[in-house]
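Computed from a predicted model, the values in this text were never measured in an experiment. So you know, we letter chains A, B, ... as the sequences are listed, proteins then strands, and number each from 1.
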There are 2 protein chains.
Amino acid sequence: MDLQPIPDMNETDSVPPIFEPLCAVFRRRLKADGQKYTPERARVLDAVIRMEGPFEAEQLVEDLRASGYRVSKATIYRTIKLMQDAGIVQRVLGGDDVPRYQMIYGAKPDDTIVRVDTDEVISIDIPELIELRDKICAKYGLSPSSHRFQIFATGNDA
Amino acid sequence: MDLQPIPDMNETDSVPPIFEPLCAVFRRRLKADGQKYTPERARVLDAVIRMEGPFEAEQLVEDLRASGYRVSKATIYRTIKLMQDAGIVQRVLGGDDVPRYQMIYGAKPDDTIVRVDTDEVISIDIPELIELRDKICAKYGLSPSSHRFQIFATGNDA
DNA sequence: CTTGGTGCAAACATTTTGCAGCACA
DNA sequence: TGTGCTGCAAAATGTTTGCACCAAG
């Protein structure tokens, strides 16, 4: 996922969904609920955007601290929850059962084989899946923002 | 005392169509690691088999208790972990972020659209996916036991 | 002066672990 | 006897909440 500009705090309006900067998506959603796009929330969003692939909440804490920002854990978790409501991130479990968060808004697809005998996770690339996905969503009148495909498998001997 | 063999899988008429009885898979895996197929473990496995779809650990506790068995939480969790190692269950998160466990050995595929704007989960049926999945696994020399396909989407207006 | 946001610490929910005793080979 | 298994209670992990205070409209 590419870099986003540092979130600005200016006015918002309607822009084509998928190409709209994330901060605008987030801000719009907050506004709709009578909530505010605060500096803390902007920093958490910024840290989330910088993450590549699934990340732990603790990484956000460290990242922000390393950037010289002090945002409390409570605010980080509260912001994550807001971002979930806004359809920006999702909570997921890795093969190691560690809870992580993951961008789902406009994120790269996440296709993996999980080897249940070794816990190894193999990333695979299946372009056909996107086609299939979009076709299915169209049938339901929905707009896909991302997907996740996990195959559970073992070695042929196990 | 409890030397009497645990019901191999007798009272489980509602077991999904599997190729090898699950208890055999489990027992074999345990044996390979110098571990034992105890009455407690058999009962936990039995409870897991009876579950339909994803379930919470607590449900196992209650289920077993309701059946008149007292298996400690510690043993239940320890057994779940063994079953994960054996490729029988997987930990997953629902749209509500509640951690659940799910059969993956011989389980029906779990293909869903998650509406991130409403948290609604729509089950879909994509037979082509199994074909695709098996092809991919073959390429890696692996045997698929199940898969999970989640599409994250919103209504076209949201 | 009302509404929403923050940090802190305490509470919470789920899972893991240390330990003493038990069962079987 | 040694190895593994169990229950219990305590600990650990990851997340949420209550509260006092702050800030913007």
Side-chain angles (χ1 to χ4, degrees), chain A residues 7 9-11 26-27 29-45 47-48 54-62 64-65 68-86 89-102, chain B residues 1-6 26-27 29-45 47-48 54-62 64-65 68-86 89-102:
Chain A
M9 311 274 289
N10 303 329
E11 250 315 314
F26 193 27
R27 193 165 40 198
R29 181 60 174 249
L30 288 172
K31 197 167 188 178
D33 286 353
Q35 296 174 309
K36 294 167 192 167
Y37 188 63
T38 66
E40 287 83 1
R41 290 175 184 176
R43 281 166 192 158
V44 174
L45 176 62
V48 166
F55 57 90
E56 298 172 41
E58 195 57 32
Q59 286 181 257
L60 294 180
V61 178
E62 289 166 23
L64 288 168
R65 190 152 306 167
Y69 298 127
R70 34 192 216 322
V71 181
S72 71
K73 252 181 216 198
T75 292
I76 289 174
Y77 276 105
R78 284 189 276 232
T79 305
I80 289 174
K81 181 140 288 179
L82 291 171
M83 293 195 287
Q84 290 187 263
D85 293 344
V89 301
Q90 260 268 328
R91 203 142 91 99
V92 297
L93 291 175
D96 53 6
D97 280 2
V98 175
R100 298 200 170 80
Y101 298 88
Q102 180 183 49
Chain B
M1 307 42 290
D2 255 333
L3 239 255
Q4 210 37 19
I6 300 314
F26 193 27
R27 195 160 32 196
R29 181 60 175 246
L30 289 171
K31 197 167 188 177
D33 286 354
Q35 296 174 309
K36 293 165 192 167
Y37 187 64
T38 67
E40 287 82 1
R41 289 175 185 176
R43 282 164 190 159
V44 173
L45 175 62
V48 165
F55 56 90
E56 297 172 40
E58 194 58 31
Q59 287 180 256
L60 293 180
V61 178
E62 289 166 23
L64 287 168
R65 190 152 305 167
Y69 297 128
R70 36 194 214 324
V71 181
S72 72
K73 252 179 215 197
T75 292
I76 288 174
Y77 277 106
R78 283 188 277 232
T79 305
I80 289 174
K81 181 140 287 179
L82 291 170
M83 292 196 286
Q84 289 187 264
D85 293 344
V89 300
Q90 260 269 326
R91 202 144 91 100
V92 297
L93 291 176
D96 53 6
D97 281 2
V98 175
R100 298 199 170 80
Y101 297 88
Q102 181 182 51

Does a side-chain N or O of [X] approach OP1 or OP2 of [N] to a distance below 4.0 Å, or not?
X: B:R70; N: D:dG7; answer: no
X: B:Y77; N: C:dT15; answer: yes
X: B:Y101; N: C:dT15; answer: yes
X: B:K73; N: D:dC8; answer: no
X: A:T38; N: C:dG4; answer: no
X: A:K81; N: D:dT16; answer: yes

Separation of [X] atom [atom1] from [N] atom [atom2], in whole Å?
X: B:Q84; N: C:dT16; atom1: CD; atom2: P; value: 8 Å
X: A:L82; N: C:dG4; atom1: CG; atom2: P; value: 13 Å
X: A:L64; N: C:dT6; atom1: CG; atom2: C1'; value: 14 Å
X: A:Y37; N: C:dT6; atom1: OH; atom2: P; value: 12 Å
X: A:L30; N: C:dG5; atom1: CG; atom2: C1'; value: 12 Å
X: B:L60; N: C:dT14; atom1: CG; atom2: C1'; value: 13 Å
X: A:E40; N: C:dG4; atom1: CD; atom2: P; value: 17 Å
X: B:I80; N: D:dT6; atom1: CD1; atom2: P; value: 13 Å

**Prompt:** If you pin B:R78 and B:R91 to their nearest nucleotides in DNA chain C, which one's is more 5'?
**Reply:**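 Nearest nucleotide further toward 5': that of B:R91.
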**Request:** Tell me which of B:D97 and B:I76 sits closer to the 5' end of DNA chain D, going by the nucleotide each one is nearest to.
**Result:**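 Looking at the nearest nucleotide for each, B:I76 comes out on the 5' side.
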**Item:** Given DNA chain D, 5'-ward residue of the pair A:P99 and B:K36, judged by closest heavy atom
**Value:**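 Nearer the 5' end of the strand: B:K36.
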Out of [options], whichever nucleotide has its closest atom nearest the side chain of [X]:
X: B:T75; options: D:dG14, D:dT6, C:dG5; result: D:dT6
X: A:Q35; options: D:dC5, D:dG14, C:dG5; result: C:dG5
X: B:A74; options: C:dA9, D:dC8, D:dC5; result: D:dC8
X: B:S72; options: C:dT15, C:dG4, D:dC8; result: D:dC8

Do the side chain of [X] and the main chain of [Y] share a donor and acceptor less than 3.5 angstrom apart?
X: A:Q59; Y: A:E56; value: yes
X: A:R91; Y: B:D97; value: yes
X: A:R29; Y: A:D85; value: yes

**Request:** For the residue pair B:Y101 and B:F55, categorise the inter-ring angle as parallel (less than 30°), tilted (30 to 60°) or perpendicular (more than 60°).
**Result:**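 Aromatic pair B:Y101/B:F55 classed tilted.
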**Item:** Shortest non-hydrogen contact from A:T75 toward A:V71
**Value:**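 For A:T75 versus A:V71, the nearest heavy atoms are CG2-CG1, 3.6 Å.
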**Asked** Hey, does A:T79 have a side-chain heavy atom less than 4.5 Å from the side chain of A:L45?
**Response**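 A side-chain contact under 4.5 Å is absent here.
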